[in-house]
Amino acid sequence: MSKVHIVTFRTHDHGENLEKLLQQLEKQKASLQFKGKSETPQLLHELKDLPRTFIIENANESLLEELRRHPHILSVTKPVANYQPTASPQITEWSHTPSFMDIQAFHSRGYTGTGVKVGYLDTGAAPHEDLVYTGKFNAYTAVYGGTTPPDFDEDGHGTLVAGIIGARNNSKGYVGVAPDCLLYGVKVCRDGAPENLDDAAIIRGIQWLVENGVEIINCSFISYWGDSTAMRIAMEDAYRRKNVLFLCGAGNIREKFYDSNNTVEYPAKYDFVMAVSALRANKEPARYSSRGPEVDIAAPGDPVMSTSPSAANKAGTDFTTPSTEYATFSGTSCATPHITGLAALYKQMYPTYTADQIRNLIETNVEDLGKDGRDDDFGKGMAISPWTTTTNYQGKLISSAIAITGTSISSTITNGLGKFFKFTPASSGRYTISVSSNMDLYGRVYDSAYNQLAQDDDSAGSGNPKFVLDLTAGQTYYIKISGYSGAQTGAFTINLSNAGQSIVEDFEDSNFTIPLTGNWSRDPFAGNGSAGYSSGIISHNQTAQTSFKAMVPSGKTAKLVFDYRTSSEVNDRFIVTVNDVEILNTSGSNSFTTFERVLHAGSNVITFKFVRDGSGDGGGNNVSIDNVAIIGDGVSVGESGSSSPGDSLSTAIVVTGTTASGTLKDTKDLFFKYTAPKAGSYTFSTVATFDSYMQLLDSSQNVLAQDDDSAGNSQPKISYSLSVGQVVFAKVYGYNHGSGKYGPVTLNISPPAAGTVPGAASVTVGSPSTSSLTLSMSANGATSFNVYRSTLSAGTYSLVASGVASSYTDTGLTSGTTYYYKVAGVNNYGTGPQSGVAAGTTTSSGGVIPVTKTEDFSDQNYVFGITGDWEYNSSVYCMSVNIFEGETKQMQFTESIPAGATNRTLSFRYKDPYMYGDFTKNKLEVLVNGIVKFSSSSGENVWKNSPTILLGTGAQTIAFRATAGPGVFSAFVDDIVVKWS
């Protein structure tokens, strides 16, 4: 296999990019040939429809380094098999019925995808009795060499995708969404590794599909390694320049990460593609279906029947005999081709529509599910036909959620369709939410912003879900109960109980709620699916330990809860003690296990020890803990030393609900620590038997506010506005620190009234100057806005301003540069969802917005207003003319260039071959406002790059004139570029 690299340029000038690349290759080739080297670098694929992207082979490190340093080259990357199919194979064709996408409504009206070209990039395109392919291509062998046909599909994933899109209506098997579409299958993986799709092959496959006129492409795969510049640019160029609509699976990793709310993977994360999530037969997200702000649309995907390769095809022994086999198909890989087929149906209905217009049709005709409007589970909703009437019912959306006012509620479900319930706890604490029924049910819990907090299947036993969550008083939570599939109908009951105030350390950041001391450390990968606290690897006869103190009020008990994992030899020990009394002693290798123990009133010093013995090694020679919690009303935590909780800022009593208690020592200070769960105005007051004083401090001990006796009875009260997540300390002491003023103190906190975060934001960008752009923003319920900026449409957006008004001017920008923005509304209840992308370009130093106009003649929708008697050449995608002796033919267009513009240029590619006669008498000329600026009579049938022609300002009429001497003469022009700055 040859060494292959992908070269990505910064600009869209294909001819200029090609020339620069060939110069580098020829320079290196000459050097190697001079040294007697036989293996020289070559241009493997010139992807004209993807003008920034080229594939080269046999490049040595010297050449690669030269290319990486080239100012016009964005990246040089080695192809990697990063991309994996997004399936999880398992019954029948419920997805087409009126209760779901209602594909039958399209078919009954004659819309079956007739004449629409649809492509997919996947593991292969096996022959099947229920499939007809218009074209097949093995892009992997096109890049790397080989003879394997695209028909070989050892995984079967690609053939399953093909069946969902276009299985024929032929009395065999199943019917696809667009059974009469023109189906193009592209294989992008190597033999023996169908689970690893190669990015160079994917890019080559995109080029092949575009060459064949395909404008709808299915991408049922994700990258586990993040963004690829080469992949993004190739896809974005196909979208923006060739009107290609990409449909991408969101991914199947919702369950694999601690935070399920941001699990969409590339390429579905790109804003110019449609990201598709997968639904079960009860219109609920499949348990694995990735969720996040990038999800655009939802479709059935768990499970659906589709076409499958034969066993002989999978074994690599028969690539011609049509398979008669079918299989169940699950995953966002299955949901995505449903939307791909739907796009084909709309394209048949509206053949002149652009990719954006087809996308708008898909996103407009939806059944709204989950949160009202767009949300991270369903995007705009489940795609349906324009003729489908949806049914609403109580509990369908969070706006119609059924309120839970006590400790339980009973309800029913029909055909597995889920219902929302809402619960606003009166007091903070660790709540158990359990469901009882005679059915197999599924549950999810969301916060008020529709972030998923948990999902569960049967932790309550008998197929019923259960959740244990720390909830905050005054906050609204949504509980969604549904059938596991679409088969459940019957009654169920939700029960809620509060174990009391909880103090929890999940180690997700370095700001610990529980002040552990000792020689353990935070490890971002040591926790139960996330970060944790680890002993580290220690040697024989060593001990690593960490500890903290929990204070339980008199007359009460509390509960210690934590998750632990051991990876050690059997003679090593993981020991946990409370006040030096062992409560756990274990060893060996154990996956994460939850442990609970009751704590009694008073001071409880909890110590975690890992003790290595003097013998062999085993496992990872370490242990870790996660999700350490102290549960009970009035509990507090502090360092395990001799100091008492609240004695100092470092041992401040953590307030996790709305009240906490401590004991003030004579003439000393008592500290409480509080983290605001939402934005708004909070009131802090104390209850004590002595004259108290209070200061509100920030983390640097700056005084934010202070008070003496506004609460009455010589007790202080402070009202202060906090932002969400803001940490403050209440410092309480006897008035003037006078002696005799000490004893028990209770701090009470009144949170802001319940409310909702702002709605979806919108933004426009205008008023450009050389160094600034002005944004106009709006969002329902917003009192201010956060502004996020990037220099790439699909790049990383960084917060550049917060708390600004609806009109905001972003300053300090670079002239002549395009910036991309997203915004989000903010109010006292938090931050709303981000807007879509809006872009603006600063003016150049001369006050003119830079412009580059390119016409590559890939179609007859010309960028310039070309007139004259030249003709469009569809065989080589350019303008051309044939003329005979004495004839002159011309084409022209006029471009208006603003006053003050600089770097005003024209460039193009051309060739001027002659059939017979004296070619020196033939002329290809370029005139600007009637003045000849360029002339050629080479007679060569090879493409050449023109010199750069300088233009003026105002109306510039550019003419291409061909004149024939004796004989027959042809002229060709392509890739015309006019630009100024």
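Positions are given from 1 along the sequence.
Screening Val210, Asp856, Leu50, Asp49 for a side-chain contact (heavy atoms from CB on, under 4.5 Å) involving Arg241 leaves a single residue, Asp856. Of the candidates Asp376, Asp377, Asp372, Asp377 is the only one forming a side-chain hydrogen bond (donor to acceptor under 3.5 Å, both in side chains) with Tyr450.
Side-chain N or O atoms of Asp296 include one that pairs as donor or acceptor with a backbone N or O of Ala275 at under 3.5 Å. In this structure, Ser835 contributes its side chain and Val763 its backbone to no donor-acceptor pair below 3.5 Å.
Cation-pi geometry between Arg232 and Tyr266 is not satisfied (NZ or CZ under 6.0 Å from the ring centre, within 45° of the ring normal). Relative to the six-membered ring of Tyr788, Lys822 misses at least one condition, a distance below 6.0 Å or an angle of at most 45° to the axis. Both tests pass for Lys283 against the ring of Phe100: distance under 6.0 Å to the centre and angle within 45° of the axis.
Put simply, CD1 on Ile202 and SG on Cys219 are 7.5 Å apart, with the number rounded to the nearest 0.5 Å. Between the CE atom in Met382 and the OG atom in Ser95 there is a gap of 10.0 Å [rounded to 0.5 Å].
Using modelled atom types, one finds no donor on one side chain facing an acceptor on the other under 3.5 Å when comparing Asp151 with Tyr133.
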Next on the checklist: Checking Phe221 against His157 for the ring pair (Phe, Tyr, Trp, His ring centres under 6.0 Å) test, could you report, in this order, the C-alpha distance in whole Å, the side-chain angles of both residues, the deciding distance, and whether it holds?
Outcome noted: CA-CA 10 Å; Phe221 54 80; His157 189 272; 9.1 Å; no

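Between Phe54 and His14, the angle of the ring planes stays under 30°, which puts this pair in the parallel group of the 30/60° scheme.
Closest of all the heavy-atom pairs between Ala230 and Thr77 is CB-OG1, 4.0 Å. Taking every heavy atom of both residues into account, Ser482 and Gly418 meet most closely at CB-CA, 3.5 Å. Of all non-hydrogen atoms in Pro386 and Phe106, the two that sit nearest each other are CD-CZ, 3.5 Å.
Scanning for side-chain hydrogen bond (donor to acceptor under 3.5 Å, both in side chains) contacts around His45 gives Arg204, with sequence neighbours left out. By the salt bridge (charged side-chain N to carboxylate O under 4.0 Å, His left out) test, Asp237 pairs with Arg52, sequence neighbours left out.
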